Amino acid sequence: MTLKRRCSRTPCGRPAVNTLTYVYADSTAVLGPLATFAEPHAYDLCADHSERLSAPRGWEVIRLAGDPRDEGPSGDDLLALADAVREAARPVPVARTAPGDETGHETTRRGHLRVLSTD
């Protein structure tokens, strides 16, 4: 069972989606994707609090984009997967020795192509 981390803002109980860290030496607040582990000097924020984030006067806010791979598969990814499953489900041609092949190498046919074994 995995526990979802909650927004660090006291009255908020929504799930955290971003992590906020401060770089005091550079007067910078960095808001990025949710960190893998909860850190003691970082703040997990929900989507609403991430969107409304502001920094003290004179500070810069850097917003890092999340990894697109974390958002799940795209429509093209799903179509490619479906095509791969269809291809894998096709019957495999029966291996046989080619006529006139004295070496005994097995071959398979796919359409007009013949695959020769190198064993």
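Since the structure is predicted, the reported quantities are computational estimates derived from the model, not experimental observations. We count residues from 1, following the sequence as given.
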Participant: Do L31 and L64 sit in one hydrophobic cluster, given that two such residues count as connected whenever their side-chain heavy atoms are within less than 4.5 Å of each other, even indirectly?
Facilitator: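 No.
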Participant: Counting only N and O atoms by type, is there a donor-acceptor contact under 3.5 Å from the side chain of T19 to the main-chain atoms of A35?
Facilitator: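 Yes; judged by distance alone, with no hydrogens or angles, the pair exists.
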Participant: What is the minimum heavy-atom distance between C7 and C12, and which atoms define it?
Facilitator: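 Closest approach of C7 to C12: CB-SG, 3.7 Å.
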Participant: Same cluster or not: are Y22 and V61 linked, directly or through other Ile, Leu, Val, Met, Phe, Trp or Tyr residues, by side-chain heavy atoms under 4.5 angstrom apart?
Facilitator: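 They do share one cluster, since a chain of ILVMFWY contacts under 4.5 Å joins Y22 to V61.
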Participant: Report the residues that fulfil side chain to side chain donor-acceptor pair (under 3.5 Å) with N18, sequence neighbours left out, ordered by chain and then residue number.
Facilitator: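 Partners of N18 by the side chain to side chain donor-acceptor pair (under 3.5 Å) criterion, ordered by chain and then number, come out as S50.
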Participant: To the nearest 0.5 Å, what is the distance between CD (E51) and SG (C46)?
Facilitator: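 Between atom CD of E51 and atom SG of C46 there are 9.5 Å.
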Participant: Looking at D44 and R6, does any basic side-chain N land under 4.0 Å from a carboxylate oxygen?
Facilitator: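 Answer for the salt bridge query: no.
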Participant: Test: ring pair (Phe, Tyr, Trp, His ring centres under 6.0 Å). Region: residues 32-53. Which pairs qualify, not counting sequence neighbours?
Facilitator: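 Output for this query is empty, none listed.
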Participant: Do you know which two heavy atoms are closest between T36 and R5, and how far apart they sit?
Facilitator: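 Between these two residues, the closest heavy atoms are O-NH1, 3.4 Å.
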Participant: What are the two closest non-hydrogen atoms of A42 and T21, and how far apart are they?
Facilitator: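 Of all heavy-atom pairs spanning A42 and T21, the closest is CB-CG2, 3.6 Å.
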Participant: Between L20 and W59, is there shared hydrophobic-cluster membership here, with clusters defined by ILVMFWY side-chain heavy atoms closer than 4.5 Å?
Facilitator: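 Result: yes, single cluster for both.
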Participant: Could you tell me whether the side chain of L53 reaches within less than 4.5 Å of the side chain of R63, counting heavy atoms only?
Facilitator: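 Yes, at least one pair of side-chain atoms sits under 4.5 Å.
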